[in-house]
2 protein chains.
Amino acid sequence: MSRADEIMDVANHFILERGYSAFSYADIAGEIGIQKASIHYHFPSKANLVQSVVGRYRQQIKSNLALLDGMEGDPQEKLTQYLNYWEDCLEAQATDICLCALLASEIPILPDEVRSEIMAHFEELTDWFTRLLKESKVPLQYTTADVSDEEMAHGILAGIHGGMLAARTFNDVGQFRMIKSGLLHQIHPAK
Amino acid sequence: MSRADEIMDVANHFILERGYSAFSYADIAGEIGIQKASIHYHFPSKANLVQSVVGRYRQQIKSNLALLDGMEGDPQEKLTQYLNYWEDCLEAQATDICLCALLASEIPILPDEVRSEIMAHFEELTDWFTRLLKESKVPLQYTTADVSDEEMAHGILAGIHGGMLAARTFNDVGQFRMIKSGLLHQIHPAK
DNA sequence: GTCTATAGCCCGATAGAC
DNA sequence: GTCTATCGGGCTATAGAC
């Protein structure tokens with residue numbers, strides 16, 4: 001693994017733990033065992049480093065979604081897979097939530113490059129959820145309550161983010177599982 | 001208004017804008033027009049100041065909920081009122097979301113006193129939602145999907161928090177209104 | 001690519017005068 | 001209660017040797 005990748009890995013970890021403003025080049029340097037100046041060689045500025053980390057994260061998620069797109073299965077099965085992915089992450093480490101959801105709370109003070117990445121990621125995810133819902137061959141639970149696919153897609157994103165935050169706050173994956181269960185009930189075929 | 005209250009007001013504003021770690025005594029002092037040392041007279045430490053601000057915030061919300069408890073109306077009407085409250089806040093200022101939801105993203109690095117306040121607030125809110133749902137005299141939409149009151153209460157909290165974050169990220173209250181609409185549809189009486 | 005050294009700035013907190 | 005002054009530390013970023 002290249003030094004740049006190593007730096008991004010450690011940066012990713014510290015961002016998840018402390019957020020944008022409270023992690024530092026010194027943290028990363030200390031963890032890897034190099035000097036701060038060496039990081040500046042690979043990533044000239046903090047904004048640049050975080051943009052790179054977020055860009056890499058977005059690519060990972062995109063390839064996960066592409067994998068799900070290529071699979072057989074009902075929309076509700078694919079959403080289940082996506083939710084399972086995050087449940088597994090949270091189980092491994094309660095602090096391991098969506099990088100963009102975490103950074104979003106610092107939106108007003110983020111550099112423009114980073115803010116744009118986060119907004120683009122949210123839009124991409126919402127679009128994916130919407131497309132997924134529209135694919136359903138049968139009416140789903142939420143449609144019987146006169147909720148549109150777009151509304152439901154936004155509701156899924158909000159539920160996931162709020163659920164991650166709750167799980168992290170209480171260091172309890174059960175909080176996320178509860179939201180997952182509620183969302184999946186809304187996605188199930190109507191009776 | 002006392003100087004201490006003035007300090008807490010300004011601190012509240014800067015926390016909402018920048019989070020715990022990125023706001024400073026210097027910010028507050030500059031805004032009010034006093035010296036940093038004067039703030040330390042009223043609030044010996046940053047942890048103490050933020051705990052006070054969060055404590056005051058929790059009291060405000062508690063009195064709002066007590067007001068709703070004292071009113072006539074179906075559960076879904078009361079939840080609507082609560083969601084309207086936040087919609088109004090967001091309309092006035094896109095950065096004005098729940099103080100605890102915002103601080104929750106910094107949970108791992110918050111002082112213990114502050115972390116406890118946030119967890120207690122979330123539990124209180126969830127309990128209030130649960131009680132509200134159990135009061136309903138008629139079956140609600142979500143109950144037809146085999147979702148328990150407790151699950152739904154957690155879902156409401158997560159949806160609200162995720163919705164706030166989205167509205168703030170895109171500086172667009174519409175994002176919150178969409179989540180509000182989805183939640184209320186789930187709370188409506190079943191057909 | 002990595003290092004040492006440093007510039008220029010911000011931070012929370014305290015001492016002590018008024 | 002508010003001030004000035006300061007301590008000891010942190011930060012991002014750069015210059016220049018190796």
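Naming convention: chains lettered A, B, ... in sequence-line order (proteins, then strands); numbering from 1 in each chain.
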Next on the checklist: Assess the residue pair A:Glu117 and A:Arg56 against the criterion (salt bridge (charged side-chain N to carboxylate O under 4.0 Å, His left out)); give the C-alpha distance rounded to whole Å, side-chain angles, the decisive distance to 0.1 Å, and a yes or no.
Outcome noted: CA-CA 11 Å; A:Glu117 294 276 350; A:Arg56 202 183 56 156; over 6 Å; no
Next on the checklist: Run the salt bridge (charged side-chain N to carboxylate O under 4.0 Å, His left out) test on A:Arg177 and A:Glu91 for me, step by step, so that the C-alpha distance in whole Å, both residues' side-chain angles and the decisive distance to 0.1 Å come before the verdict.
Outcome noted: CA-CA 11 Å; A:Arg177 285 200 200 95; A:Glu91 241 153 28; 2.4 Å; yes
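Boundaries of the chain A contact region on DNA chain D are D:dC11 to D:dA15, first to last in 5' to 3' order (nucleotide atom under 4.0 Å from a heavy atom).
With no hydrogens or angles considered, a side-chain donor-acceptor pair links B:Ser2 and B:Asp5 at under 3.5 Å.
Across all strands shown, B:Tyr41 has heavy atoms under 4.0 Å from base atoms, whether or not it also approaches the sugar-phosphate.
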Side-chain donor-acceptor contacts of residues 63-75 of chain B below 3.5 Å, not counting sequence neighbours, with atom names and distances?
from    : atom 1 : to       : atom 2 : distance (Å)
B:Ser63 : OG     : B:Gln60  : O      : 2.9
B:Asp69 : OD1    : B:Trp128 : NE1    : 3.1
B:Asp69 : OD2    : B:Trp128 : NE1    : 3.3

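Aromatic rings of A:Phe43 and A:Tyr25 (six-membered ring for Trp) have centroids beyond the 6.0 Å cut-off, not under it. Ring centroids of B:His161 and B:Phe122 are separated by less than 6.0 Å, placing the two rings close together. The six-membered or imidazole ring of A:Phe129 lies away from that of A:His154, with a centre-to-centre distance of 6.0 Å or more.
Rounding to the nearest 0.5 angstrom, the gap separating the OG atom in B:Ser38 from the CD1 atom in B:Ile32 is 9.5 Å.
A:Lys180 has no carboxylate O lying under 4.0 Å from a charged side-chain N of B:Glu151, or vice versa, which leaves the two without a salt bridge. The residues A:Lys134 and A:Glu150 are annotated as salt-bridged, a charged nitrogen and a carboxylate oxygen being separated by less than 4.0 angstrom.
Annotation: proximity of residues 6-23 of chain B to DNA chain D (heavy atom, distance under 4.0 Å) is found for no residue. Contacts of residues 26-39 of chain B with DNA chain C (heavy atom under 4.0 Å): B:Ala26, B:Lys36, B:Ala37. Within residues 45-53 of chain A, the residues that place at least one heavy atom under 4.0 Å from DNA chain D are, in residue-number order, A:Ser45, A:Lys46.
Residue pairs meeting the salt bridge (Lys or Arg N to Asp or Glu O under 4.0 Å) criterion with at least one partner in residues 20-29 of chain A, sequence neighbours excluded, are A:Arg18-A:Asp27.
The cationic group of B:Lys46 lies under 6.0 Å from the six-membered ring centre of B:Phe23 and within 45° of the ring axis, placing it in a cation-pi geometry.
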